[in-house]
Structures are given as structure tokens and as C-alpha cells.
J.: 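To start, I am sharing the structure in question, which I have written as C-alpha cells.
Keep in mind that what you see is a predicted model, and the values were worked out from it rather than measured.
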Amino acid sequence: MVEQLHHPDEAPLIEELFKRLDAGVSFRAIAADWEARDIVNDSGTPFSPQHLRRLAINPAYAGLREHNPNRRGKRPDAGPATLVDATWTGIVSKALYYRVFKKITDPERHTSRDGRARHLLSRIARCDPCGAFLIIIRAQKPKPLYSCQKHGCASIGEAALDEWATDVIVGWLMRDDVATWLRRSGEAEDEALAKIADKLAEARAELAKLRAALKSGAMSVETGMIVEPGLVERVKNLEQDEKDATTPSVLRPLVGLGERTFEAWEDTPIEAKRDVARTLFVPEILGELRLKPNPVRYQVAPVEDRVTTRKVDV
Ligand SMILES: [Zn+2]
């Protein structure tokens with residue numbers, strides 16, 4: 001894979017792969033689309049979702065290589081923790097690579113089998129009286145419910161709350177001022193992200209070197225104990241900065257679509273929808289989504305009377 005990095009036909013495809021993964025498109029969907037476009041790998045067969053995944057975690061495409069002095073011949077899937085700048089230039093930016101890596105290795109991505117992340121608002125919406133998250137109870141049909149995780153103060157049908165939230169989200173995504181804001185922040189974000197990604201790669205490499213030096217005895221444990229916590233802290237802070245700076249990127253694929261917004265939302269995978277809901281239902285944007293109990297016991301009130309959003313003006 002690494003050796004044919006700059007094959008002229010390959011670079012645009014690699015770029016496309018990373019951009020679509022960043023937008024929340026699944027490996028399966030990309031593989032199907034490439035097959036339909038007659039795009040084949042070196043063996044002349046269509047790319048499988050597994051093959052695409054191997055490409056997407058290959059740091060060589062971002063001009064990075066693994067710094068792992070103690071182990072040789074290891075596959076580049078250990079994660080970004082040990083990556084350093086390579087001698088070649090990448091096809092995609094480091095920021096994009098790290099963002100996609102985080103996304104495709106996120107454990108929540110694969111939780112649909114155990115049901116943990118299948119629902120739009122679980123652990124995103126909150127109970128209004130007590131502030132605890134809503135979680136799904138009675139996940140089995142006929143009627144799954146969101147309910148206060150801690151005290152059961154309030155519960156509501158999943159479909160009703162999802163529908164309400166979807167209308168609010170799609171309505172916001174369609175706004176013209178949102179498109180303008182996102183366009184402006186996009187340019188600043190790319191610049192900021194590239195800077196953070198560089199610093200992060202540097203700090204991670206330093207940490208890897210330090211740990212290697214400790215392991216081989218080239219550095220005393222005493223010295224290591226003084227230096228390491230500071231470095232770990234720096235990596236953590238930079239990771240948080242990166243997360244903060246990428247916030248609008250989860251929205252980008254859904255903004256500026258006008259009438260097609262709802263359709264695009266319906267086609268968005270649940271993990272990406274949850275990212276959007278998590279990004280928007282915060283005090284600074286749409287407000288925290290909170291559920292009040294039914295005002296009269298055993299009498300179901302309409303959703304709009306039971307949902308409140310805590311908002312701050314910024
Ligand atoms: Zn509660």
C-alpha cells in the first residue's frame with residue numbers, strides 16, 4: 001500500500017475516501033459506490049469495506065509513519081499515539097487523518113449490535129427535574145421509551161421525542177445564517193486544525209521517544225517521572241483543542257442543502273446524527289434538550305409542552 005502512494009489515479013480516490021468518511025459515510029456505502037463506478041484494486045477486483053478500512057488507517061497517506069523503535073514490521077494500526085512525520089508528503093492533511101481515525105475506531109460506531117448507540121438522543125437529552133441523561137428503556141417493540149436514567153422522573157416515547165428533535169435540527173440546518181457562519185468558520189477551522197495536528201504529532205512523538213528511552217534504560221526513571229506527566233498533559237490538552245476545533249465539521253455535510261436537508265438527514269448514519277444532536281443541543285446553540293414529566297399523571301401531554309431547551313445568548 002505504502003509504496004504506491006503517489007500513483008496518479010490513486011491520490012484523488014484516497015482523498016475522496018477520507019472526505020466521505022469524515023462526513024459520516026460508511027465503508028459499505030463507499031465500497032458499493034466505487035464498485036458501481038468500476039473502481040478496482042490492484043488485483044482487479046472491487047474494494048471491499050475491509051480493504052477501505054485498511055487504507056483509511058494507513059498513516060502514510062497523511063505523510064506520517066510509525067515511530068516504534070522496539071518493534072519491527074508491525075502493521076500501522078496501533079493508533080496515532082506513535083506517529084511521527086515521514087519523509088514524504090501526504091495526500092490528506094494530518095488533521096483529516098486524525099479526525100477520521102478517531103471516527104472509525106470509536107467504539108460507539110459499532111454498538112448497533114448491542115443497541116447502545118442506536119438511538120438518536122440517549123445520553124444526549126436530559127431529564128428536566130434532575131438533570132440526569134435520558135436513556136432507552138423497553139428497547140424492544142412495540143414502544144421504546146426514553147426515560148430519566150437516575151430517578152425515572154420523566155419518560156416519553158422514543159419516536160415522539162426523536163421526531164420533535166429532528167424537526168428542530170433540520171430547521172436549524174436549513175437556515176441561511178447557519179450556512180454563512182459555517183462557511184466562515186470552515187476556513188479558520190482548517191487553519192487552526194492543521195496547527196493543532198502538527199503540535200499533537202510532535203508531542204506524541206516526544207512522548208513515544210521518552211517512553212522508549214525509559215524502557216531501554218537510556219533515561220533514569222527519576223527523570224522520566226518528572227518529564228512524563230507534563231507531556232501526557234500536553235497531549236491531552238491538544239486532543240481537547242482538536243475536538244473543540246472540529247465541532248462544525250460534523251455539521252458541514254448537512255448545511256447549505258436547502259430543501260434536500262431533510263432527505264440528507266434521513267440518509268445520515270445514526271452515529272453521525274448523534275454527533276450532530278450532541279453538537280447542537282448545547283446551551284450556546286439550540287439549548288440543552290430537557291424533558292419534563294407529564295403535567296397530569298397518566299395523561300399524555302403533547303411533546304412540545306414537555307420539552308424545554310436551556311439556552312444562553314452568545
Ligand atoms: Zn430525573
J.: Within the 4.5 Å heavy-atom criterion, are Asn294 and Arg306 side-chain neighbours or not?
T.: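 Asn294 reaches Arg306 side chain to side chain.
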J.: Return the CD1 to CG distance between Ile57 and Leu52, rounded to the nearest 0.5 Å.
T.: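 So the CD1 of Ile57 and the CG of Leu52 are separated by 12.0 Å.
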J.: Does the distance from a Lys or Arg side-chain N to an Asp or Glu carboxylate O, for Lys292 and Asp305, drop under 4.0 Å?
T.: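 The answer is no: the pair does not qualify as a salt bridge.
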J.: Check the surroundings of atom CZ in Arg28: do more than 12 heavy atoms from other residues, nucleotides or ligands lie under 6.0 Å from it?
T.: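 For Arg28, atom CZ is not crowded (no more than 12 foreign heavy atoms under 6.0 Å).
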J.: Parallel, tilted or perpendicular: which fits the ring planes of Phe18 and Tyr97, with parallel below 30° and perpendicular above 60°?
T.: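 Geometry flag for Tyr97 against Phe18: tilted rings.
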J.: At what distance, to the nearest 0.5 angstrom, does CD1 of Ile137 lie from OG of Ser147?
T.: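 Atom-to-atom, Ile137:CD1 and Ser147:OG are 4.0 Å apart.
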J.: Should we count CD of Glu16 as having more than 12 external heavy atoms under 6.0 Å?
T.: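 Yes, because the 6.0 Å sphere around CD of Glu16 holds more than 12 heavy atoms from other groups.
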J.: For the residue pair Ala56 and Leu21, what are the closest heavy atoms and their distance?
T.: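 So the two residues come closest at CB-CD1, 3.5 Å.
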J.: Nearest 0.5 Å, what's the SG-NZ distance between Cys130 and Lys150?
T.: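 Cys130 SG to Lys150 NZ: 7.0 Å, rounded to 0.5 Å.
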J.: State whether Lys143 and Glu158 are salt-bridged, where the test is any N-O pair (Lys NZ or Arg NE/NH1/NH2 against Asp/Glu carboxylate O) under 4.0 Å.
T.: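 Looking at Glu158 together with Lys143, the answer is no, because their closest N to O distance does not fall below 4.0 Å.
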J.: Compare all side-chain heavy atoms of Arg234 with those of Glu206 and state whether any distance is below 4.5 angstrom.
T.: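 Side-chain contact under 4.5 Å: yes.
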J.: Are the side chains of Val307 and Leu289 in contact, using a 4.5 Å heavy-atom criterion?
T.: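 Yes, their side chains come closer than 4.5 Å.
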J.: We want to know whether Thr45 and Asn41 form a side-chain donor-acceptor pair, criterion being a heavy-atom distance below 3.5 angstrom.
T.: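 Result is yes, a qualifying pair exists.
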J.: To the nearest 0.5 Å, what is the distance between CG (Leu13) and CZ (Arg37)?
T.: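 Those atoms lie 6.5 Å apart.
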J.: Find out if a path of hydrophobic residues (ILVMFWY) with successive side-chain heavy-atom gaps under 4.5 Å connects Val232 to Ile196.
T.: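 Yes; Ile196 is reachable from Val232 via cluster members.
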J.: Is Val168 reachable from Leu173 through a run of hydrophobic residues whose side-chain heavy atoms are each under 4.5 Å from the next?
T.: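 Result: yes, single cluster for both.
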J.: What about Leu134 and Leu286, same hydrophobic cluster or not, with Ile/Leu/Val/Met/Phe/Trp/Tyr joined at side-chain heavy-atom distances under 4.5 Å?
T.: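 Yes, Leu134 and Leu286 fall within the same hydrophobic cluster.
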J.: Is it true that Asp275 and Arg278 make a salt bridge, defined as a side-chain N closer than 4.0 Å to a carboxylate O?
T.: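 Salt bridge flag = yes for Arg278 with Asp275.
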J.: Val235 and Ala203: which non-hydrogen atoms are nearest, and at how many Å?
T.: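 What the structure gives for the nearest pair is CG2-CB, 3.8 Å.
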J.: Any side-chain heavy atom of Phe281 sitting closer than 4.5 Å to one from Ile169?
T.: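 Answer yes - side chains close enough.
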J.: Taking all heavy atoms of Cys148 and all of Cys153, pick out the closest pair and write down the distance.
T.: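 For Cys148 and Cys153, the tightest heavy-atom pair comes out as CB-N, 3.5 Å.
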J.: Do the side chains of Leu291 and Cys127 get nearer than 4.5 Å, heavy atoms only?
T.: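 With C-beta onward as the side chain, the pair stays apart.
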J.: What's the spacing between Ile136 CD1 and Gln149 CD if we round to 0.5 Å?
T.: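 If we round to the nearest 0.5 Å, Ile136:CD1 and Gln149:CD are 12.0 Å apart.
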J.: Same cluster or not: Leu251 versus Ile124, using hydrophobic residues (I, L, V, M, F, W, Y) connected whenever any side-chain heavy atoms lie under 4.5 Å apart?
T.: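 No, it is not one cluster - the side chains of Leu251 and Ile124 are not joined through contacts under 4.5 Å.
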J.: Sequence neighbours excluded, which residues qualify as side-chain contact (heavy atoms from CB on, under 4.5 Å) partners of Val282?
T.: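 By the side-chain contact (heavy atoms from CB on, under 4.5 Å) rule, Val282 matches Glu284, Ile285.
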J.: Looking at Thr87, is its backbone amide N or carbonyl O close enough to the side chain of Arg65 to form a donor-acceptor pair, meaning the two atoms are under 3.5 Å apart?
T.: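 Side chain of Arg65 to backbone of Thr87, a donor-acceptor pair under 3.5 Å: no, none is there.
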J.: If every non-hydrogen atom of Val40 is compared with every non-hydrogen atom of Pro46, which pair is closest and at what distance?
T.: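 It is CG1-N, 4.1 Å.
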J.: Could you tell me which non-hydrogen atom of Trp88 sits nearest to which non-hydrogen atom of Ala60, and how far apart they are?
T.: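 That closest heavy-atom pairing would be NE1-O, 2.9 Å.
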J.: Any non-hydrogen side-chain atom of His119 less than 4.5 Å from a side-chain atom of Tyr146?
T.: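 Sidechains of Tyr146 and His119: in contact.
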J.: Could you check Asp85 against Lys94 for salt bridge (charged side-chain N to carboxylate O under 4.0 Å, His left out), going step by step and ending with a plain yes or no?
T.: CA-CA 10 Å; Asp85 279 336; Lys94 290 172 201 144; 3.0 Å; yes
J.: So do the side chains of Leu96 and Val100 get within less than 4.5 Å of each other, counting heavy atoms only?
T.: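 Yes, their side chains come closer than 4.5 Å.
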J.: Could you tell me whether Arg123 sits above the aromatic face of Phe133, with NZ or CZ closer than 6.0 angstrom to the six-membered ring centre and within 45 degrees of the axis?
T.: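 Here Arg123 fails the 6.0 Å and 45° test against Phe133.
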J.: Taking the six-membered ring of Tyr98, is NZ or CZ of Arg204 closer than 6.0 Å to its centre and within 45° of its axis?
T.: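 Yes, a cation-pi geometry.
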J.: Is the count of non-hydrogen atoms from other residues, nucleotides or ligands lying under 6.0 Å from Glu304 atom CD greater than 12?
T.: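 Counting other residues, nucleotides and ligands, CD of Glu304 exceeds 12 neighbours.
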J.: Please lay out, stage by stage, how Leu120 and Thr166 fare under the test side-chain contact (heavy atoms from CB on, under 4.5 Å).
T.: CA-CA 9 Å; Leu120 180 63; Thr166 300; 4.0 Å; yes
J.: Give a yes or no on whether a salt bridge exists between Asp22 and Arg99, defined as a side-chain N under 4.0 angstrom from a carboxylate O.
T.: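 Answer for the salt bridge query: yes.
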J.: Does Trp181 reach the side chain of Val255, with side-chain heavy atoms less than 4.5 Å apart?
T.: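 SC-SC contact between Trp181 and Val255 ruled out.
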J.: Could you pull out the closest heavy-atom pair between Lys273 and Glu266, with the gap in Å?
T.: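 For Lys273 and Glu266, the tightest heavy-atom pair comes out as NZ-O, 4.1 Å.
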J.: Do Trp164 and Met174 land in one hydrophobic cluster if side-chain heavy atoms of ILVMFWY residues count as linked below 4.5 Å?
T.: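 Yes, one cluster joins them.
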J.: Return the NZ to CD1 distance between Lys19 and Ile14, rounded to the nearest 0.5 Å.
T.: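 Lys19 NZ to Ile14 CD1: 13.0 Å, rounded to 0.5 Å.
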J.: Output yes when Glu239 and Lys102 qualify as a salt bridge under the 4.0 Å nitrogen-oxygen rule, no when they do not.
T.: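 Lys102 and Glu239: not salt-bridged.
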J.: Identify every side-chain donor-acceptor pair in residues 221-229 under 3.5 Å, counting partners at least two apart or on other chains, and give the distances.
T.:
{"from": "Thr223", "atom 1": "OG1", "to": "Ser220", "atom 2": "OG", "distance (Å)": "2.7"}
{"from": "Glu228", "atom 1": "OE2", "to": "Arg211", "atom 2": "NE", "distance (Å)": "2.6"}
{"from": "Glu228", "atom 1": "OE2", "to": "Arg211", "atom 2": "NH2", "distance (Å)": "3.0"}

